[in-house]
Amino acid sequence: MGFAESALSRDAFLSGRLWLAQPVAGYRAATDPVFLAAAVPAQSGQSVLELGCGAGVALAALSRRVAGLDAHGVELQPDYAELARLNAVENGLRLTIHDGDLAEMPASLRALSFDHVMANPPFYADHAGTAPRDAGKARAQQQPMTALSVWVDAALRRLHPRGMITLVHRAEALGDILAALNGRAGDVTVLPLAARQGRCAGRLIVQAVKGARGPLRLLAPLIVHEGAQHGAADDAYSPVARAILRDMAPLALLRPAR
C-alpha cells in the first residue's frame, strides 16, 4: 500500500521552508492549501484539524508558520494519509493523521474538539468538468458522495464553542457554504481571490466563528497575480500573495485589528 518512491516528486513550498512529497500523476497541491493555512489565525498551543488533508500541505504550511500547534488531519484515502505522515517526518513536524471518512468521523477524532478546523473541499460535483484520469486525483477533486454541507457540519461538530472554521472553495459555492453555516456560526468573513485585477474571483476564503452572531463581512478581493496575463516567471505574484506563498506571512486581511 502507498505510493512507490518513483511515483513521487518532492516540491518546494514557502520558498523551500517545506519540501513535500506529492504523487507525480495524482492530485497535486498548488496555491489553495497555502492560502488556506495562511488564513487560519492559530496561535501556539492551540489545536487544529484539517478535513480531507491529502498529502498534508496545508497542515504542514500552518505548522511551519506557527510552532507548538496540536495539529491533526483526517484523510479518506490511505495512500494520501501515509504521504501526509511521510511529509511530517521529513520536515520535522508533529502532525497526527487519522485514516477515515469525515462523514463518519473515526473514533480517534470523535472525542476531540479543536480551536480551528480548516478544509479545502472537492471543487467539482460528480458530473461536472472533465474527469481526471488518476483515480486518487478524481477522488480528491470530485464529491460523488460527500456534499459540501456535510463538510461544514463535520467541521462545526469538531469545533470548540467559539472555535473558527476556515474554508477555501469556488466562488459559486458561497451560497451553499452560507446556508450550511446559517444558525450555527456567524461573524462570517468572505475574502474573494481573483487571479488578476479586473477579473472575477474564482476562489473564496470563508471564515466563521461557531456560535457567533456577528454580521457577514465581504472584503475587497485579494489579487493573486500582477499584470494582465501570466509572464514567463512566477514572480508576477502580487505583493500580498508573494508574502503569503513565499515568505510565510499570515493572511491578516481576514481578521484585521479592530
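Keep in mind that this is a model prediction, so the values were computed, not measured.
Using bins of under 30°, 30° to 60° and over 60° for the plane-to-plane angle, the ring pair Phe123/His169 lands in the tilted bin.
Judged by distance alone, the side chain of Lys210 and the main-chain N or O of Leu156 form a donor-acceptor pair under 3.5 Å. Looking at Arg17, its side chain does come within 3.5 Å of a backbone N or O of Arg246 through a donor-acceptor pair. Looking only at distances, a side-chain donor or acceptor of Ser47 sits under 3.5 Å from a matching main-chain atom of Asp115. Between the side chain of Arg28 and the backbone N or O of Pro23, at least one donor-acceptor pair lies under 3.5 Å. Panel note: side chain Glu104, backbone Asp101; no donor-acceptor pair is recorded below 3.5 Å.
Counting only heavy atoms from C-beta outward, the side chains of Val152 and Asp176 never approach each other to under 4.5 Å. A 4.5 Å side-chain heavy-atom check between Arg65 and Pro250 finds at least one atom pair inside the cut-off. Leu174 is listed as a side-chain neighbour of Val206, based on a closest heavy-atom distance under 4.5 Å. Pro192 has its side chain within reach of Leu218: a pair of non-hydrogen atoms, C-beta onward, lies under 4.5 Å apart. Put simply, the side chain of Ile97 reaches to within 4.5 Å of the side chain of Cys53, judged on heavy atoms. For the pair Val190 and Leu219, the minimum side-chain heavy-atom distance is 4.5 Å or more.
A salt bridge links Arg184 with Asp153: the closest approach of a Lys/Arg side-chain nitrogen to an acidic carboxylate oxygen falls below 4.0 angstrom. A salt bridge links Arg10 and Glu5; the closest N-O separation between the charged side-chain nitrogens and carboxylate oxygens is under 4.0 Å. A salt bridge does not link Asp247 to Arg242: none of the charged nitrogens lies less than 4.0 Å from a carboxylate oxygen.
Note on Ile165 and Leu216: same hydrophobic cluster, where clusters join Ile, Leu, Val, Met, Phe, Trp and Tyr whose side-chain heavy atoms are under 4.5 Å apart, directly or indirectly.
Centroid-to-centroid, the aromatic rings of His160 and Phe114 stay 6.0 Å apart or farther.
Counting heavy-atom neighbours within 6.0 Å of Glu90 CD, excluding the residue itself, gives a total above 12. A 6.0 Å sphere centred on CZ of Arg157 holds no more than 12 heavy atoms belonging to other residues, nucleotides or ligands.
Taking Asn182 as the reference, nothing meets the side-chain contact (heavy atoms from CB on, under 4.5 Å) condition, with sequence neighbours excluded. The side-chain hydrogen bond (donor to acceptor under 3.5 Å, both in side chains) check on Ser15 picks up nothing, with sequence neighbours excluded.
A donor-acceptor pair shorter than 3.5 Å cannot be found between the side chains of Ser238 and Arg196. In this structure, a donor-acceptor pair under 3.5 Å is present between the side chains of Gln207 and Thr166.
Rounded to the nearest 0.5 Å, atoms CD1 (Ile177) and CH2 (Trp151) are 12.0 Å apart. Taking CG from Leu167 and CG from Leu36, the interatomic distance works out to 8.0 Å, rounded to the nearest 0.5 Å.
In plain terms, the two heavy atoms of Ala38 and Ile244 that are nearest each other are CB-CG2, 3.5 Å. Looking at every heavy atom in both residues, Ala39 comes nearest to Ile205 through CB-CG2, 3.9 Å.
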Go through Arg217 and Thr189 one step at a time and tell me if the side-chain hydrogen bond (donor to acceptor under 3.5 Å, both in side chains) criterion holds. CA-CA 5 Å; Arg217 294 188 307 142; Thr189 301; 3.2 Å; yes
Test salt bridge (Lys or Arg N to Asp or Glu O under 4.0 Å) on Arg85 and Glu75; report intermediate values, then the result. CA-CA 11 Å; Arg85 295 185 187 103; Glu75 174 53 45; over 6 Å; no
